[in-house]
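Report on one structure; see the data block that follows.
Note that these values count all heavy atoms, side chains included, but never hydrogens, waters or copies made by symmetry.
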Amino acid sequence: MLKKRIIPCLDIKDGSTVKGINFEDLKNAGDPVELAKKYELEGADELVFLDITATIENRKTFVELVGKIAKELSIPFTVGGGIASVEDVRKLLEAGADKISINSSAVKDPKLIAELANEFGSQCVVVAIDTKRVNQTDLVHIKGGREATELGTVEWAKRAEALGAGEILLTSMDGDGTKNGFDLRITKQVSEQVTIPVIASGGAGTVNDFIKVFNETKATGALAASIFHFNEIGIQELKQQLKIQKIKVR
């Protein structure tokens with residue numbers, strides 16, 4: 001039984017950490033390097049850094065900023081945003097990332113998943129899926145959630161695994177920033193249809209939301225941003241509550 005992971009997320013725009021609701025109305029949430037230090041000290045199991053406008057602005061992730069954050073961390077560090085080639089990944093790994101997360105580029109060119117897995121190993125390749133319910137169908141969205149595709153979420157997760165992804169980061173756009181709880185329905189479906197780890201993301205608002213996602217789905221990680229950035233729930237406190245509920249955490 002894999003121990004469950006608590007994963008803060010730094011959504012980065014113009015070098016600052018931001019947080020919005022349903023991928024919109026972004027507000028500044030602080031300095032990413034300082035937040036990374038704080039999360040390391042508080043006992044986060046991993047940290048995710050997503051340069052949320054890199055794809056739309058057609059530029060690469062801030063390699064320099066990744067390097068500064070990596071220097072402060074001993075926990076696994078996943079970086080995503082604007083990654084489209086083996087060379088992009090090599091630069092980020094050299095800067096100190098442990099894993100990379102691809103979304104839009106993987107949808108446009110699924111072979112990229114296999115290329116990266118062959119070059120760096122599956123354990124390094126996280127496929128991020130931004131999912132939203134459209135006319136009763138769960139569809140994958142790209143370009144920072146701005147563009148719907150015709151790909152079904154569960155089918156795409158299964159295909160990503162088959163191509164060599166080592167992990168799925170599943171973000172419910174409907175839940176994002178709402179603090180109404182993780183989307184248990186789609187998280188359950190995806191985590192039961194793949195054998196690789198699934199990180200649930202989007203909607204965390206209370207300790208109970210984490211308890212539910214771990215008890216009711218096969219997700220092995222839960223990611224959150226605003227509740228940690230704005231000190232609404234402390235990571236240590238969260239882990240204590242999960243242990244009381246007999247949920248094994250790292």
Side-chain angles (χ1 to χ4, degrees), residues 1-12 15-19 29-52 54 60-83 88-102 116-117 119-128 165-171 196-201 204 207 210 213-214 219-243 247-250:
M1 188 68 179
L2 284 175
K3 285 188 176 173
K4 308 300 189 184
R5 296 167 291 155
I6 301 300
I7 307 170
C9 179
L10 304 176
D11 291 320
I12 306 294
S16 288
T17 312
V18 294
K19 191 61 204 133
D31 176 77
V33 180
E34 292 307 315
L35 283 169
K37 280 190 205 172
K38 171 177 116 100
Y39 294 138
E40 167 95 19
L41 285 170
E42 285 183 0
D45 298 305
E46 300 191 12
L47 186 69
V48 170
F49 168 115
L50 297 176
D51 186 342
I52 58 172
K60 303 302 178 196
T61 302
F62 296 106
V63 176
E64 203 177 310
L65 182 54
V66 167
K68 282 182 188 164
I69 293 172
K71 280 194 181 79
E72 304 295 338
L73 296 175
S74 61
I75 54 176
F77 181 32
T78 300
V79 175
I83 298 169
D88 290 346
V89 173
R90 188 169 282 117
K91 281 181 189 157
L92 290 166
L93 295 180
E94 283 168 1
D98 298 293
K99 300 188 263 192
I100 57 87
S101 162
I102 49 174
L116 297 179
E119 186 72 26
F120 305 107
S122 282
Q123 82 293 335
C124 177
V125 183
V126 179
V127 171
E167 193 163 28
I168 300 287
L169 170 55
L170 181 70
T171 300
I196 54 178
V198 172
I199 300 168
S201 163
V207 169
F210 289 86
V213 82
F214 289 141
T220 64
L223 178 145
S226 46
I227 59 163
F228 296 143
H229 298 340
F230 303 120
N231 300 312
E232 291 166 33
I233 297 176
I235 292 171
Q236 281 302 330
E237 172 204 344
L238 172 58
K239 285 189 164 185
Q240 282 305 117
Q241 293 295 328
L242 292 173
K243 283 175 184 165
I247 293 168
K248 289 189 169 67
V249 286
R250 290 235 177 125

For Ala200 against Val213, the heavy-atom pair lying closest together: CB-CG2, 3.7 Å

Treating Lys4 as the side-chain partner and Ala219 as the backbone partner, does any N or O pair qualify as donor plus acceptor under 3.5 Å? yes

Nearest-0.5 Å distance, CD1 of residue Ile83 to NZ of residue Lys91: 11.5 Å

Within a strict 4.5 Å, meaning less than it, do heavy atoms of the Lys68 and Glu72 side chains meet? no

Between Tyr39 and His229, is there a donor-acceptor pair closer than 3.5 Å when you use the side chain of the first and the backbone of the second? yes

Taking all atoms of both residues into account, what is the closest heavy-atom pair of Leu10 and Pro32, and its distance? CD1-O, 3.7 Å

For the residue pair Ala36 and Ile69, what are the closest heavy atoms and their distance? CB-CG2, 3.6 Å

Closest heavy-atom contact between Leu223 and Cys9? CD2-CB, 3.5 Å

Apply the test side-chain contact (heavy atoms from CB on, under 4.5 Å) to residues Thr17 and Ile12: give CA-CA distance (whole Å), side-chain angles for both, the deciding distance (0.1 Å), then the verdict. CA-CA 5 Å; Thr17 312; Ile12 306 294; 3.9 Å; yes

Could you give me the CA-CA distance, side-chain angles and deciding distance for Thr171 and Ile199, then say whether side-chain contact (heavy atoms from CB on, under 4.5 Å) is met? CA-CA 8 Å; Thr171 300; Ile199 300 168; over 6 Å; no

Do NZ/NE/NH1/NH2 and the carboxylate oxygens of Glu34 and Lys37 come within less than 4.0 Å? yes

Validation row: Lys38, Pro8 side chains within 4.5 angstrom (heavy atoms): no

Would you give the length of the straight line joining atom CD of Glu167 to atom OG1 of Thr220, rounded to the nearest 0.5 angstrom? 6.0 Å

Ile235 side, atom CD1; Ile6 side, atom CD1 - distance, nearest 0.5 Å: 8.0 Å

Does Asp45 pair with Lys239 as a salt bridge, N-O distance under 4.0 Å? yes

For Ser101 versus Thr78, what's the shortest heavy-atom pair and its separation? CB-CG2, 3.9 Å

For the student: nearest non-hydrogen atoms of Asp98 and Cys124, plus distance: O-SG, 3.9 Å

Find out whether Val66 and Phe77 are in side-chain contact, i.e. whether some heavy atom of one side chain is under 4.5 Å from a heavy atom of the other. yes

Looking only at atom types and distance, does a side-chain atom of Gln123 sit under 3.5 Å from a main-chain N or O of Phe120, one as donor and one as acceptor? yes

Assess whether side-chain contact (heavy atoms from CB on, under 4.5 Å) is satisfied between Phe210 and Ile227, documenting all intermediate values. CA-CA 12 Å; Phe210 289 86; Ile227 59 163; 3.6 Å; yes

Nearest 0.5 Å please: distance from the CZ atom of Phe214 over to the NZ atom of Lys3. 13.5 Å

